[in-house]
Each structure stands twice: as structure tokens, then as C-alpha cells.
Amino acid sequence: MAQLWLMNIKQQLFNTVESEDLGACVDTSRAHGHNGGDEAQESVKFRIRFITMTLIRMFTRLSGYVHLKQGLECLGSSSQSKRLQHTATHSSSCNYQLLPDCLELNYGGLVMHFDYVWLRDHCRSASCYNSKTNQRNLDTASIDLNIKPSKSRVDENNLFLTWPDGHITRYNLTWLAQNSYEGQKRSAMQPRILWNADIYSSAKVPSASWDKFMSCDEELKNFLNSFLLYGIAFVEGVPPTVEATETATHRVSLIRETMYGRMWNFTSDFSRGDTAYTKLALDRHTDTSYFQEPCGIQVFHCLRHEGTGGRTLLVDGFRAADAVLKQTPENFALLSHVPIKHEYVENLSEHRNHMIGIGPVLNVYPWNNEVYMIRYNNYDRSVINTVPHDMVRRWYVAHRQLSAELRRPENELWVKLKPGKVLFIDNWRVLHGRESFTGLRQLCGCYLTRDDVLNTARSLGLQA
């Protein structure tokens with residue numbers, strides 16, 4: 001009954017989006033004094049559709065939970081169904097049904113659905129898949145879009161499907177569970193620990209030792225594991241030179257060269273048109289938000305500082321985003337859907353650049369709402385002209401809530417960089433800033449390609 005009730009509500013919401021009844025909502029808006037012509041009507045309709053689709057996603061998720069619960073309760077009691085149900089001979093934890101449009105599999109307490117074309121496309125037999133190169137041999141475009149298996153069976157660990165042409169595919173049940181949409185929805189792409197200053201300090205995360213870091217894969221693996229979990233990691237004992245810093249980065253990834261160069265080495269001489277090249281304090285932010293794909297990892301090494309101040313500020317952006325999601329889901333939805341421009345304009349005699357990056361503040365995987373990148377930089381945020389005027393205020397409210405979380409004192413981790421201590425920052429997750437300083441302060445560093453950092457981690461057996 002609960003499943004039917006949720007389905008009815010979801011269908012009514014779909015009907016609202018597709019029907020002309022939106023006009024009645026617009027008329028209601030007019031009756032309350034909200035005029036403005038066709039543009040205002042379209043804006044109201046846009047808001048209604050946005051809110052309605054958010055509700056639809058919520059009811060879809062609830063419907064899935066109810067469906068899962070009912071499926072477990074009714075397991076084995078649907079023998080009179082017209083659909084074919086099969087149970088593994090040696091394992092009562094697995095059964096499946098060949099439905100008209102998909103295969104429904106119940107394994108390990110998880111109910112999953114697999115489209116038949118998907119199943120044929122993901123055959124791992126020698127003729128369909130090259131296990132040496134891990135590449136597909138099968139021509140996906142040649143699969144009949146109405147294909148269905150002619151025979152099926154299951155044992156304790158595998159599902160076997162026979163296709164109309166006689167080809168047999170074997171699927172490991174655990175592999176299916178791991179690669180199902182339902183399995184992906186309830187798992188994280190990358191393990192992480194959300195932290196504030198107390199959580200990180202209490203964890204006593206060890207820094208990597210320069211000598212071991214350069215020679216021992218286990219030390220590198222531990223370093224990368226810390227980096228993946230927290231978004232920051234340190235290497236201690238590095239010689240205070242640009243060359244040694246570059247050598248350390250090569251152990252992790254390839255350097256991403258930008259208009260700032262390959263390795264940058266700077267002081268507060270304002271040699272570039274950026275506030276970072278001053279002695280002023282910098283509020284928390286992510287770098288290169290004005291790139292269409294912001295740099296993934298940032299490296300800092302303070303080579304010398306003859307003065308006071310200059311501590312580095314670090315804030316876990318994912319923790320702040322998670323707080324917004326829990327407190328106000330509609331604000332989280334706005335921040336993860338509304339595209340915002342960031343811009344960098346540099347007009348100096350030796351450097352002329354104009355960069356524009358467009359994307360939401362929060363980037364999420366749509367299947368599980370997991371945040372994978374935060375793009376937050378109030379210095380470089382450009383004119384907001386990608387949002388309807390009646391949604392702008394709501395975006396500012398959502399942005400204010402996220403800013404408040406990022407600025408909570410308990411979320412601020414302050415560290416003093418010193419010669420020999422190299423800091424690696426996940427620029428897609430951890431915001432950085434600094435306090436103002438006096439005297440000569442020389443910093444070097446670079447950006448790293450994110451894909452290659454994750455590649456190194458995976459090659460060492462880490463989930464990334």
C-alpha cells in the first residue's frame with residue numbers, strides 16, 4: 001500500500017510538470033500581486049518545475065526504499081506470480097526474475113535491476129572482452145535493442161544467461177552487485193573522513209618521511225591513503241629547494257602546467273595580478289575556479305620566511321557541504337545545480353590572461369548525491385547572469401549557508417608551513433587561505449593532474 005501511495009503521488013507530480021495546470025499556478029501568483037509579463041510567467045513555471053522535480057526525486061528514492069523492504073518481506077511468497085522466479089540451488093540468499101524489460105536480482109539483501117541490453121553489452125567472455133587489455137571487443141551498436149535471454153540458471157556464485165544466438169554469458173553475482181545502479185547508489189566512489197580541526201588533530205595523521213617517501217612504495221601508499229581520506233597530506237624533511245619539491249611531486253603525479261608556469265616560486269612582490277602575490281590575508285577558497293576543469297591538487301612548500309604571521313588555513317569543504325545537505329536539502333540542490341561563472345582577468349605588461357570557468361558551486365554524482373568537487377572562490381566569482389532573477393535570492397541564501405559552515409571557527413585548521421614541510425591539498429575538496437604576514441616569505445609549489453594522482457593510488461591498491 002505504501003508503495004502504491006508513493007507511486008500515485010509521484011505520478012501526480014509528473015502530471016503537474018507535463019500539464020498546462022502550471023498556468024493556474026501562474027494565475028495564482030498574479031492574484032497575489034506577482035506580475036511581470038511572459039518572462040515572469042516563465043520564471044514562475046521554472047521554479048515550479050524545479051521544486052516539483054526535486055520532490056519527484058525524493059519520492060522516487062522513498063519508493064525505492066519501500067520496494068526494497070517489501071521485496072525482502074515477500075521473498076519466496078510470490079510463487080503464483082506470472083513472472084518466472086528462479087532460486088539458486090545451493091544458496092538461498094540469491095533469487096532472480098526474468099521480467100519483460102529487465103532481470104530482477106535479489107542477492108545479499110539487495111534488490112537490483114539489469115536491462116537486458118546492458119547485460120549483453122557487459123559480457124566478459126573471451127569473444128566479447130579482451131581480459132589482457134581490459135577493453136570491450138563486442139560492438140555495442142550491433143546488439144538487438146529488444147534482446148532477451150532464451151535460457152537462464154544460477155549457482156552459488158554465478159548467473160548464466162543464454163542469448164538467442166546461443167552465446168552464453170557468465171556473471172559473477174558479487175560483480176553484478178558491485179556494478180548495479182542500486183549498489184552504486186549506496187556506496188561511495190571514494191572513502192573519506194569528514195573533519196574539523198579537532199577531528200583532524202585527534203587523528204594524529206602522520207606525515208610521510210622524505211627518505212622513505214622517495215624510496216618505499218608502502219610509505220607512498222600510506223601518504224596517498226591519508227590524502228584520499230582527508231584531502232590533505234604532508235611530507236617532512238624535504239630539502240628547501242624548488243628542485244627537491246618538484247622531485248617530491250613526481251613521486252605522486254604529473255605536474256599540470258598553467259599560465260603560472262610549471263613550478264612557481266614567488267614572494268609578495270605582486271609580480272602577477274593576483275592577491276596571492278601580496279602580504280594580505282586570504283580568505284578560504286579553492287584555486288583555479290576560473291578553469292573549466294579546476295586543478296586537482298595543489299602543492300605548497302615554504303622555502304623561507306623572515307617575519308611573522310602567514311599561517312595557512314585549511315577547511316574541509318565536503319564537511320560543510322554535508323552540513324548544508326542535512327540541514328537544508330533544497331539549498332544543497334540549488335548549489336549543486338545552478339551554474340556560476342568564475343573569471344580571471346590579468347592585464348600586466350608581461351602577462352595577459354582572460355580565463356572563464358562555469359559550473360555549480362557543488363559538483364555531485366547524480367546517482368548517489370556524493371560531492372566530488374567544490375568550486376568556491378569569492379574573489380574570482382564573476383557576474384551572476386546564469387540564474388533567473390527570482391531564483392537569485394534563493395541562491396544567495398544557499399551560498400550564505402555554505403559560507404557560514406565554511407567559516408565556523410571549529411572547522412578551521414591552521415598550520416604553519418616551514419622549510420622542509422611540503423603540503424599537498426585536494427583542491428577539489430579542501431579550501432585554503434592564509435593570515436597576513438610581515439617580512440620576506442618565499443613559497444614554491446605547483447598544480448598536479450588529478451587523474452594521475454588517483455591513478456597512482458589505484459595502482460597501489462587503494463580505492464580512488
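Along the sequence shown, residues carry numbers from 1.
His301 has its side chain out of reach of Leu443: every pair of non-hydrogen atoms, C-beta onward, lies at least 4.5 Å apart. Looking at Val364 and Phe332, their side chains come closer than 4.5 Å, going by heavy atoms from C-beta outward. You'll find the side chain of Asp316 stays beyond 4.5 Å of the side chain of Asn411, heavy atoms only. Residues His113 and Leu105 have side chains not in contact (no heavy-atom distance under 4.5 Å, counting atoms from C-beta outward). In this structure the side chain of Trp395 reaches within 4.5 angstrom of the side chain of Val361, judged on heavy atoms. Residues Phe318 and Arg192 have side chains in contact (heavy-atom distance under 4.5 Å, counting atoms from C-beta outward). Residues Val252 and Leu224 have side chains in contact (heavy-atom distance under 4.5 Å, counting atoms from C-beta outward). Using a 4.5 Å cut-off on side-chain heavy atoms (C-beta onward), Cys94 and Tyr107 make contact.
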Do any side-chain atoms of residues 228-242 form donor-acceptor pairs under 3.5 angstrom with protein atoms, and if so which ones, sequence neighbours left out?
unit_1, atom_1, unit_2, atom_2, d
Thr241, OG1, Ala244, N, 3.0

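Relative ring orientation between His122 and Trp118 is described as parallel, the plane-to-plane angle staying below 30° on a 0-90° scale split at 30° and 60°. Between Phe300 and His432, the angle of the ring planes goes over 60°, which puts this pair in the perpendicular group of the 30/60° scheme. Note: Phe213 and Phe424 have tilted aromatic rings, judged against thresholds of 30 and 60 degrees for the angle between ring planes.
A cation-pi arrangement is absent between Arg393 and Tyr396 under the rule of less than 6.0 angstrom and at most 45 degrees off the ring axis. A cation-pi arrangement is absent between Arg256 and Tyr447, since the terminal nitrogen or guanidinium carbon is not both under 6.0 Å from the aromatic centre and inside a 45° cone about the axis.
Taking a 6.0 Å sphere around CD of Glu350, one finds it holds 12 or fewer heavy atoms contributed by other residues, nucleotides or ligands. The number of heavy atoms from other shown groups lying within 6.0 Å of CZ (Arg136) is above 12. Applying the 6.0 Å contact sphere to NZ of Lys418 captures no more than 12 heavy atoms from other residues, nucleotides or ligands.
Once rounded to the nearest 0.5 Å, the distance linking CD1 of Ile358 with NZ of Lys341 reads 5.0 Å. Between Glu104 atom CD and Met112 atom CE the span is 9.5 Å, to the nearest 0.5 Å. Considering SG of Cys444 and CZ of Arg304, their distance stands at 12.5 Å, rounded to 0.5 Å. The CG atom of Leu335 sits 11.0 Å away from atom NE2 of His337, with the distance rounded to the nearest 0.5 Å. One distance of note links CG of Leu173 with CG of Leu110; it measures 12.0 Å at 0.5 Å rounding.
A salt bridge is absent between Asp217 and Lys221: the closest approach of a Lys/Arg side-chain nitrogen to an acidic carboxylate oxygen does not fall below 4.0 angstrom. Checked for salt-bridge contact, Arg375 and Glu293 miss the test: no charged N lies under 4.0 Å from a carboxylate O. The pair Arg262-Glu246 meets the salt-bridge criterion, since a charged nitrogen lies less than 4.0 angstrom from a carboxylate oxygen.
Contact detail for Gln298 and Asp287: the closest heavy-atom pair is NE2-OD2, 2.8 Å.
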